[in-house]
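Read through the structure below, which is laid out as structure tokens, and then see the notes.
Numbers restart at 1 for each chain; the letters A, B, ... are given by sequence-line order, proteins then strands. Since the structure is predicted, the reported quantities are computational estimates derived from the model, not experimental observations.
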Amino acid sequence: MIDIHTHILPHVDDGSPDMETSISLIESEIQQGVTDVFVTPHFYRYREYLSSVENNTAIFEEIKAEVKKRGLKVNLYLGNEIYYDLDTLKKLEGKKVATLNGSKYVLIEFSLTRETEDIGDAINDLTAKGYVPIIAHPERYPYLQSLNDYQIMRRMGAKIQVNSGSLTGYYGKKIKKFVWKLLKNDLVDFVASDIHDFRMSTLKVSYDMVAKLFGLERANKIYNNKEIFE
Amino acid sequence: MMELFEYRNVVIESPNSPEAEAYRKLELNIRMSNIDKPLRVIQSTSATPQDGKTTTAINLAAVYAEKGKKVIILDFDLRRPKIQRAFHKSNDIGLYDFVVNDKDVHDLIIRDESGIDLLLTGHKLSYPHIVLQSNKVIEMVNQLKNEYDYIVVDTPPVLSVTDALVVSKFVDGVIYVAAYNQTRKDNAKAGLEQLKENNANIIGAVLANIDVRKSQGSYGYYYYSNYDTKE
């Protein structure tokens, strides 16, 4: 599996307090069957997660060295989960925030409570500059609960990433019901763990659920979506 | 709820279509409405949102570009700007930077591959109606008049906010767009009344969204009629 959304870089956000925790998070990813992990620390001004790309890269190199030293079999890539605001585009252009592994894909999140930015305008502005926005866990946004919204985001060129925990019911019944509706309507591009030290990965469980209901091919398409390397 | 906001520029995308032809007719009618003193700054507005004012603005601009004229679209719908969507541009620079950061307007103009220049809104401005009636903005438009053959101005709908009326005072003429089977008649009337009360030079009305096939192509996509404000 490819996990495109994780918070396993130590010290930089609410993901992991130290290297030891980070390593155990990576080990848990491997146990889940993940072969490729995108490390996507928050860049979130209002929560003051502002660790620079340089800082992230330095810590990322440390973690990679540690993984190698311990002989863990996993590929690691660096990116950001960027909380979208009016400066996001400028920061991307100035390389102050990172795309996923330097690709055209950017993991973008919006407010979990209310619509503070026009998501359509955000997608328009990002795609106009050649980026492919991946919308992080939109099933958790109370204002994005209609299938039509997802069709529009897709049509505008965005990709949809849902959290594995949404499928298993970690975020409650309502989100669970809705995310399965998204899956039924083929409106999901990636399932990711969004793993933190307080939120363990449920990728294997949810993968099995999807495979049982929709078949292996569909499950692999969204849990092992190699498009991310294009 | 999200909205898609896809705009078709038929003059560019399907230049031989009857729809494109209707926009050429619109341009001709604007020209004929004032032969001796050509109208060069043209505002597109409507009574209510989603009536086709932006589609009219971009297609009219495309007709000017097609004729080899130098044309710019000013997105003066500062509240719900959409020109960036119609041309798929990032709305990261625009009028905001001119007004707030004193940037040279020429550094903010985007040149689209269609030959149409664009001034987008950029970041959101507070008090759009005050900005739009400022001397700074009006002088900028007058300066652009020296550099462009035509300036097409997209503004908010008349009944939503006062902005369209504010802009109508410094343009040469206003095109008033209503959507067939959509704009309510009383709204269309009320909007027109407001423009008239503000002494706007209403060049004509455009009826958008007519299905050419259903109307047997007799009027094309847009039905255009002269509207005499002195009546």
Spatial distance of atom [atom1] ([X]) from atom [atom2] ([Y]) [nearest 0.5 Å]:
X: K89(B); Y: K129(A); atom1: NZ; atom2: NZ; result: 9.5 Å
X: M2(B); Y: D121(A); atom1: CE; atom2: CG; result: 9.0 Å
X: D92(B); Y: E93(A); atom1: CG; atom2: CD; result: 7.5 Å
X: L86(A); Y: N91(B); atom1: CG; atom2: CG; result: 9.5 Å
X: H88(B); Y: T127(A); atom1: NE2; atom2: OG1; result: 2.5 Å

Got a salt bridge between D118(A) and R85(B), using NZ or NE/NH1/NH2 to carboxylate O under 4.0 Å?
yes
Pick whichever of K124(B), E3(B), H123(B) has the most heavy-atom pairs under 4.5 Å with chain A.
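Among K124(B), E3(B), H123(B), the one with the most close pairs to chain A is H123(B).
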For S90(B), does its backbone N or O pair with a side-chain atom of N124(A) as donor and acceptor, under 3.5 Å?
no
Within 6.0 angstrom of [X] [atom1], more than 12 heavy atoms from elsewhere:
X: K70(B); atom1: NZ; value: yes
X: F198(A); atom1: CZ; value: yes
X: R184(B); atom1: CZ; value: no
X: K136(B); atom1: NZ; value: yes

Heavy-atom cut-off 4.5 Å, strictly under: side chain, backbone, both or neither for N148(A) against chain B?
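Just its side chain gets close to chain B.
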If I measure from the heavy atoms of chain B, does L89(A) come under 4.5 Å with its side chain, its backbone, both, or neither?
side chain
Heavy atoms only, distances under 4.5 angstrom: which of D125(A), L144(A), L126(A) has the most pairs with chain B? Name it, please.
D125(A)
For L4(B) and M156(A), what are the C-alpha separation, side-chain angles and deciding distance, and is it a side-chain contact (heavy atoms from CB on, under 4.5 Å)?
CA-CA 8 Å; L4(B) 188 54; M156(A) 291 188 73; 3.9 Å; yes
